[in-house]
Amino acid sequence: MPGLYIHVPFCARKCAYCDFYSVPLNAAAAEEYLRALDRECGGLPDGFAPETVFIGGGTPTVLPPAELARLLDLLARRVNLGRVTEWTCEANPVTLDAEKIRILRGAGVNRVSLGVQSFDDGVLKFLGRLHTAREAVEAFRLLRAEGFDNIGLDLMCAVPGGAIERDLERALALGPEHLSVYGLTFEDGTPLARRRDAGEVAELDEDEQLRQFRVVRETLKGAGFHHYEISNYARPGRECRHNLLYWGPGEYLGLGPAAHSHWGGQRWGNPRRLEDWAAGAPREFDETLDPEARAREALVFGLRRLDGVGRARFRAETGFDYHALRGEEIAWLARLGMLEEEGGCLRLTEKGLAVSNAVFAELV
Ligand code: SF4
């Protein structure tokens with residue numbers, strides 16, 4: 001069953017580490033965005049009825065209540081939402097209030113992913129976040145009070161000066177259904193990378209990053225969370241079904257500037273800039289992968305899932321045997337203790353999980 005992603009390209013302010021596409025919000029830009037989104041919905045394939053919807057960004061909840069309601073109403077009018085079982089909206093603590101939460105609930109949104117990153121105000125300031133730890137806790141409690149029973153928190157590890165143990169403790173005390181924990185990366189062109197290049201701040205060394213990855217895994221598994229993707233943990237049954245589409249063989253369509261789609265054997269990306277996308281500029285990229293390239297990609301995406309890649313299923317879905325595709329590399333990575341194959345299923349080992357990008361680079 002397919003998914004639908006909607007990119008809302010506005011943020012109240014750019015975070016110091018972020019290289020996602022987002023722009024400041026103003027009334028004219030919001031109007032341009034909603035009109036173009038309405039047009040883009042008109043181009044959805046006949047019969048398209050997603051099972052999952054994910055509104056991300058950017059910061060969807062930076063939209064004022066009237067525009068947020070227009071966005072949701074537009075989706076309800078233009079998309080067949082009759083089969084939706086999971087509808088997520090990303091939110092930033094400082095942009096949420098009871099009115100917006102009620103608008104989301106009223107439209108059918110049943111899951112919120114709250115960008116907390118840390119419960120340390122010093123770390124939040126370092127990251128350029130707009131909210132405080134107290135505001136994050138208040139936003140979470142407000143969501144609960146308004147009836148949301150499926151809330152995910154995003155945290156960040158490997159932050160200079162941060163303490164992931166304390167952040168995990170504070171997060172667990174709230175009782176979320178889902179936790180995503182990503183390592184801070186210093187992306188070129190961001191203010192954070194410029195500070196590093198100027199010698200003002202240093203990335204944590206690899207050993208410390210690995211230690212934190214293990215702390216996250218052990219703490220959350222110990223707290224009863226299911227580690228189901230490299231950076232994602234859920235209470236059993238609360239895995240994000242939309243994100244599983246990205247790592248499985250699923251198809252999805254993306255709307256909005258910079259949104260990506262994977263549909264009918266093709267992959268494409270919408271123009272990144274709001275003005276270009278709204279003006280109907282050509283796609284940023286549009287490719288039809290040959291069957292072998294698709295199979296290699298499916299292997300790498302599939303290995304992000306902790307349950308791994310079943311050999312028989314992989315063959316049925318892609319037409320390829322993964323040993324025929326990447327046998328030498330798989331054997332070599334297994335000798336290094338990064339991959340293991342058991343019961344006809346290939347998966348990352350504990351060691352491989354911690355250095356997954358290096359493993360994937362060998363397999364792609
Ligand atoms: S709120 Fe999210 S999308 Fe916006 S700048 Fe910060 S990290 Fe990037």
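Note that ligands are numbered from 1 as they come in the structure, with each ligand's atoms numbered from 1 the same way.
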| task | Please could you name the atoms of ligand 1 that T59 approaches to less than 4.0 Å, counting only its heavy atoms? | result |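 Matching atoms, with element in brackets: 1 (S), 4 (Fe).
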| field | Enumerated ligand 1 atoms positioned under 4.0 Å from heavy atoms of N92 | value |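 Those atoms are 1 (S).
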| said: Is the ring pair Y5/H7 parallel, tilted or perpendicular, if the boundaries are 30 and 60 degrees? | reply: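 Answer is tilted, since the angle falls between 30° and 60°.
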| query | Taking the inter-plane angle between the rings of W263 and F48 on a 0 to 90° scale, is it parallel (under 30°), tilted (30 to 60°) or perpendicular (over 60°)? | reply |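 Taking F48 first and then W263, their aromatic rings stand perpendicular (interplane angle over 60°).
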Nearest-neighbour protein heavy atom for [atom], which is reported as residue plus atom name and distance:
| atom | result |
| --- | --- |
| atom 8 (Fe) of ligand 1 | C18 SG, 2.3 Å |
| atom 7 (S) of ligand 1 | Y17 OH, 3.4 Å |
| atom 4 (Fe) of ligand 1 | C11 SG, 2.2 Å |
| atom 3 (S) of ligand 1 | G58 N, 3.3 Å |

| Contact summary for R241 and E86, nearest pair of heavy atoms |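 Scanning both residues completely, I find the closest heavy atoms to be N-OE1, 2.8 Å.
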| said: Applying a heavy-atom cut-off of 4.0 Å, say which part of C15 lies close to ligand 1: side chain, backbone, both or neither. | reply: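 The answer is both, backbone and side chain.
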| field | Within 45° cone of F148 ring axis and under 6.0 Å: R111 NZ or CZ | value |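 That pair does not qualify as a cation-pi contact.
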| task | Using a strict 4.0 Å threshold on nitrogen-to-oxygen distance, state whether E297 and R267 make a salt bridge. | result |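 Result for this pair is yes, salt bridge flagged.
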| field | NZ/NE/NH1/NH2 to OD/OE distance under 4.0 Å, E165 and R211 | value |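 Salt bridge: yes.
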| request: Could you pull out, from H131, R129, M156, R13, the option with a heavy atom nearest to atom 2 (Fe) of ligand 1? | output: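 It is R129 whose heavy atom sits nearest to atom 2 (Fe) of ligand 1.
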